[in-house]
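Report on the structure given below.
These numbers come from a predicted model, not from an experiment. Just so we're on the same page: letters track the sequence lines, and every chain starts at 1.
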Protein chains: 4
Amino acid sequence: MAMVCLSDFEAYAKKYLPKIAWDYFAAGADDCTTRDENILAYKRIRFRPRMLRDVSVMDIRTKILGSEISFPVGIAPTGFHQLAWPDGEKSTARAARAMNTCYIASTYSTCTLEEISAAAPGGLRWFQLYIHRNRAASQQLVQRAEALGFQGLVLTADLPYTGKRRDDIRNGFRLPPHMKVKNLERAFEVCKMSPSFHSLSWHVPHEAKTTGLDPSVTWNDIYWLRSLTCLPIIIKGILTREDAELAVRHGVQGIIVSNHGGRQLDEGPATIDALVEVVEAVRGRVEVYVDGGIRKGSDVLKALALGAKCVFIGRPALWGLAYKGEEGLQDVLKILQDEFRLSMALAGCASVSEIGQHLVQFSKL
Amino acid sequence: MAMVCLSDFEAYAKKYLPKIAWDYFAAGADDCTTRDENILAYKRIRFRPRMLRDVSVMDIRTKILGSEISFPVGIAPTGFHQLAWPDGEKSTARAARAMNTCYIASTYSTCTLEEISAAAPGGLRWFQLYIHRNRAASQQLVQRAEALGFQGLVLTADLPYTGKRRDDIRNGFRLPPHMKVKNLERAFEVCKMSPSFHSLSWHVPHEAKTTGLDPSVTWNDIYWLRSLTCLPIIIKGILTREDAELAVRHGVQGIIVSNHGGRQLDEGPATIDALVEVVEAVRGRVEVYVDGGIRKGSDVLKALALGAKCVFIGRPALWGLAYKGEEGLQDVLKILQDEFRLSMALAGCASVSEIGQHLVQFSKL
Amino acid sequence: MAMVCLSDFEAYAKKYLPKIAWDYFAAGADDCTTRDENILAYKRIRFRPRMLRDVSVMDIRTKILGSEISFPVGIAPTGFHQLAWPDGEKSTARAARAMNTCYIASTYSTCTLEEISAAAPGGLRWFQLYIHRNRAASQQLVQRAEALGFQGLVLTADLPYTGKRRDDIRNGFRLPPHMKVKNLERAFEVCKMSPSFHSLSWHVPHEAKTTGLDPSVTWNDIYWLRSLTCLPIIIKGILTREDAELAVRHGVQGIIVSNHGGRQLDEGPATIDALVEVVEAVRGRVEVYVDGGIRKGSDVLKALALGAKCVFIGRPALWGLAYKGEEGLQDVLKILQDEFRLSMALAGCASVSEIGQHLVQFSKL
Amino acid sequence: MAMVCLSDFEAYAKKYLPKIAWDYFAAGADDCTTRDENILAYKRIRFRPRMLRDVSVMDIRTKILGSEISFPVGIAPTGFHQLAWPDGEKSTARAARAMNTCYIASTYSTCTLEEISAAAPGGLRWFQLYIHRNRAASQQLVQRAEALGFQGLVLTADLPYTGKRRDDIRNGFRLPPHMKVKNLERAFEVCKMSPSFHSLSWHVPHEAKTTGLDPSVTWNDIYWLRSLTCLPIIIKGILTREDAELAVRHGVQGIIVSNHGGRQLDEGPATIDALVEVVEAVRGRVEVYVDGGIRKGSDVLKALALGAKCVFIGRPALWGLAYKGEEGLQDVLKILQDEFRLSMALAGCASVSEIGQHLVQFSKL
């Protein structure tokens, strides 16, 4: 089977992953409306391609928070990479470095931050944080990440409680016994707590204490994070102009427009639609990124045309891992890179700086 | 089979109920367009969720006409609960009381009001009324309900004649001989009439006399009802701003925006769409509720964001009964409660009072 | 099988008619887009039903050009009724009279006007005319119709050539040898011509001469018709405000908004959509009717709410004939009548005069 | 099997062509959204047909750049006709001449320009050009075409690199060994280069050098072409008002609104939608044509109503060739001609000059 486009990797992963793992990665909240809308919304955007512009020399590099990456696609934070490939996040880190792009490692990694760092020294990495009720544990994680050379801190804002993912409940999803949420083990060890992280069926708010996540987090906690670290803070999960304005006012360095892959509140906006609103509110004061629904190089072009500085891919990265680990993820990234470069050329742009809103229009359908 | 969401109960009921009973509960008028639109219309509403608001303590209680309920979901009036479960409306009453919410008992119950009251003393209940040609029978019903401690009188306004439900006609739907519309039996006994209530194929207006319902009812009859009882009067079946204004002017205490589950005039508006128009017209002068199409906790959140004080569920309650009687209906209510609480939290609301129109927008699709 | 709604008759006819006859009746031009749009367009119209209006006494009668009919549904002109039922148009005439409504007999009847008249003396009938190249033949037809007591002359304006109906071409559709277009036989006999009417595969304009229809007809020919007869002239096939204005200016008494059941120019407007434009242009100067896509009593209510004085049914009448001849057509009309009366009542109208545009709104979908 | 409409030819070709050839002709870029939108967009346009206009004498001729053609449908440039029929472009040329219309021969023909000319002397032909890195080869081609009596030079502007057509990649599409891109062979022979043209899997920009196409072409190259030839220059692939304005300013004589059959940048506009924008920008200064999605005579009428002077068909011509070579292509053209004439008549137009924007409206759906 030729791996020609990202759907090929999706079909492979669906066929070869254990059902419980596939379901966990594929899950959306409730009716999965938002998960699917993330993709459909891209299809409602039409290009306005320009002709006869010299596209013989293509430059697809960009910078995020000052770091150059080979093209504007990074790896979004997703949990439990060992469910997709034995080496887990170590493979992810290697692939990202090989492709010279940014990898956002999740709190819920099945490798420690130390293992991830050691696997791909020198790679550009950010660390994704959930704030726990036990603030000392979170503090410890942030400071470990900074010490290990992670260059950004991504605070996830949309998970005070876990969304209701029906298949995970039906499957009784939990990690296999040989996998651990290793970062937290170490954090809590330090903090003398012993949480059980195997069960992830936290869909009911009053069960939140079993996850340890803190649903009382507010904007003021940005100041607390600021006091812990010099890393730039990127907030992930913003979907409205009001929250975008609050993010800027609270001093973050970046915003990831995200609905958690449609896994949290179902029937919120598609991220590419929310991006327009957020970009308008931010007015260039901080960088804006987007994740969710990216399946083709032309989706990347659309996101950039609408103001994103870079996009991040979640499930496609997992499909790549499921296919062939580090190599499979590189394949996924290469395909996106080739497609992005080609889309740019066919739309008449020779470099990322030429991409702008004039390239797209929203279909009336 | 795990009962994870309301669709699971629907699938169960469809599989295990006698076809004739399932068809009767599922029936919509004509092409069932409005029945299905009630559900689809919710899907066209998008949330605008807000992040980083302290949602560690959730309060989902509300009040309707001064009575506190545990969350803003009550039981809509539907007929013939014995078709779903042997104990019929007695089970419904017990489940509603156990969940501390409101149950609107139908004129067409298969248990008497007295049996319903005795089954769950102290529960919050309203009584739903159809006005009969024999006004003495209706008067007797209203006064019995008041004497039994029912706390509201719900007048159904959208059934001067019964809608045309094709499957009921094909099935020759009638109640099994051992079931009775007991409230009417007693009312008519008192009034020395002997109507036959077995056949429900009243789709042709000139057959209305066989049902005894009075198609000459007008707004003035609200004054007549007012003269019979001190109970608050809630009018059910309003879909336009004009009728909402008339309802307020005629002194009702509440309005249920309803299209009778799509069983009366097909191709009227979805109730969630009509709600917007009615709430605007009412301008807070009376409480507005809505039924029809509620299938998820997030639907409840949408209805409240658009101005409903509370929603009522019809078919899902019957599915719960069909599953396990009182216990099954409690399961349905608990799922809605958990989903509603989680949706509120993920949208950034810690209490019902924080819910407002800013939380939603209508999709352009 | 219970015959509950018009679709039941459609299913019956599809099952029991010879394929070639079913295909001929069902045919639409080209991709059948307009044929299907006629139906879909009704579904995009939503009612705004009003409650608590006295609907105990329902009056569904109306008048067209001064003649009272029992309800606002007549029989549109369609050809070759013997393909559906041996007695052909004689059965149609009897059913229309029995139901006290108007029947528009087609030029392409398989019975003569004399046979039709004799079958149902005293029935309200209009005659539908195609103008032939041989004007004497057309004149003879008009004058026969008037002499026989037909009370209106319906000029079809949308068939200068026959539309391209793919299935008829594939089937090589022609009338079976024992059926004749009898009106024309007699007309041309008088005129000493001998046209062959068996083949109807006239989809190519330059073949028009084989049908004898005159593609050079213009608005001035209304004056010629006017000179031949005292009958009111109704023009059928108008779809635009411009042509509606021309029709009024040329002195017609009525307009039938029609796209020939989607059998002529594919991808023109649905008739219910065009009705709005025509009614607006006509401003009450002449009566406006509509055909195409009527499948339920509520469709009739929608058409009247949008300004039609009466609707005409084409294919459903043929399905009724195919089911049981005169009796089957009466069944179809009775169902529409019952459904129309019930829809009116549920929308809050006790008589046709209460129907108005306030009852409907166009769905945004 | 009767060949009644263009879909019949499509079904035939799909059934009888080798899969690799069918896939190549059918291919769209990426998800094929734009390829399919080209067709769907026509369906969203509704006619406003006018009645009772004398359509007894129909004149469907038109002129393009001063040359009369029998009706406003020409043959768009497509490659490799020998994949469809052994005689390849020679058959195409003969059919176009027989039908008295214009054939745009592709650079990627499997016959030489000389063979094409000799096959149908006197036919109206334009030559389609891709500009190569080796400008001498392109110059030689242009000058050969002019010398052979081609009457227009069509510059394709939308293929700096080849679009990503997934099936071609999966199939490893290349020409069978016995077919050659003969025009280029001769051109490069003259120029002492030896390119390999068998592989067409050029989806990645950096592979562009293997095709020899020059991705550095800009508007200034129009001046270079102008210096090589006296032929009128038509630019093909324009989709925006901005590029339409540039085309006019750089002195072209015509514009073909085209998205290369949806084979280049996926998710650009449907051509019939882009036509509106381009026609408005051009304001009659040069002729505007359109290709893509034409499947019925009524599509031609819509394109002309929206301002196109003529349309060109791509895939339908190949289906005709696949069916019966020259004769099959004539069949396709005759069907379009008959359908176009009939649509005009049914819309009330007796000649092309009567076609205008008043005939159409965009559906709100």
| Interface residues of residues 273-282 of chain D facing chain A - heavy atom cut-off under 4.5 Å | D:Glu277
| request: Establish, from distance only, whether the side-chain atoms of D:Gln128 and D:Thr156 form a donor-acceptor pair under 3.5 Å. | output: yes
| Are A:Asp54 and D:Thr218 close enough that a side-chain donor and a side-chain acceptor fall under 3.5 Å? |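 No, because no side-chain N or O of A:Asp54 sits under 3.5 Å from a partner of the opposite role on D:Thr218.
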Salt-bridged, [X] to [Y], with N to O below 4.0 Å?
{"X": "D:Arg44", "Y": "D:Glu37", "result": "yes"}
{"X": "A:Arg315", "Y": "A:Glu10", "result": "no"}
{"X": "D:Arg165", "Y": "D:Asp30", "result": "no"}
{"X": "D:Arg249", "Y": "D:Glu245", "result": "yes"}

Under 30°, 30 to 60°, or over 60°: which ring-plane class applies to [X] and [Y], parallel, tilted or perpendicular?
{"X": "D:Tyr130", "Y": "D:His260", "value": "parallel"}
{"X": "D:His132", "Y": "D:Tyr108", "value": "perpendicular"}
{"X": "A:Tyr12", "Y": "A:Tyr323", "value": "perpendicular"}

Need one label for [X]: side chain, backbone, both or neither, based on atoms under 4.5 Å from any heavy atom in chain A.
{"X": "D:Thr240", "value": "both"}
{"X": "D:Asp158", "value": "both"}
{"X": "D:Asp266", "value": "both"}
{"X": "D:Asp31", "value": "both"}

Against chain D, work out which of [options] has the most heavy-atom pairs shorter than 4.5 Å and name it.
{"options": "A:Cys5, A:Ser298, A:Ser343, A:Ala2", "result": "A:Cys5"}
{"options": "A:Lys302, A:His358, A:Gln361", "result": "A:Lys302"}
{"options": "A:Arg53, A:Lys43, A:Lys296", "result": "A:Lys296"}

| request: Can you tell which part of A:Arg50 gets under 4.5 Å to a heavy atom of chain D, answering side chain, backbone, both or neither? | output: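 For A:Arg50, backbone and side chain are both near chain D.
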| query | Pick from A:Thr34, A:Asp291, A:Asn38: which one makes a side chain to side chain donor-acceptor pair (under 3.5 Å) with A:Asn259? | reply | A:Asn38
| Is the backbone of D:Thr229 close enough, under 3.5 Å, to the side chain of D:Arg226 for a donor and an acceptor to pair up by distance? | yes
| query | On the ring face of A:Tyr24, is A:Arg263 found with NZ or CZ under 6.0 Å from the centre and within 45° of the axis? | reply | yes
| said: Tell me whether the count of non-hydrogen atoms from other residues, nucleotides or ligands lying under 6.0 Å of CZ in A:Arg61 goes above 12. | reply: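 Counting neighbours around CZ of A:Arg61, 12 or fewer heavy atoms of other residues, nucleotides or ligands fall under 6.0 Å, so no.
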| What residues of residues 327-337 of chain A sit under 4.5 Å from chain D when only non-hydrogen atoms are counted? | A:Ile335
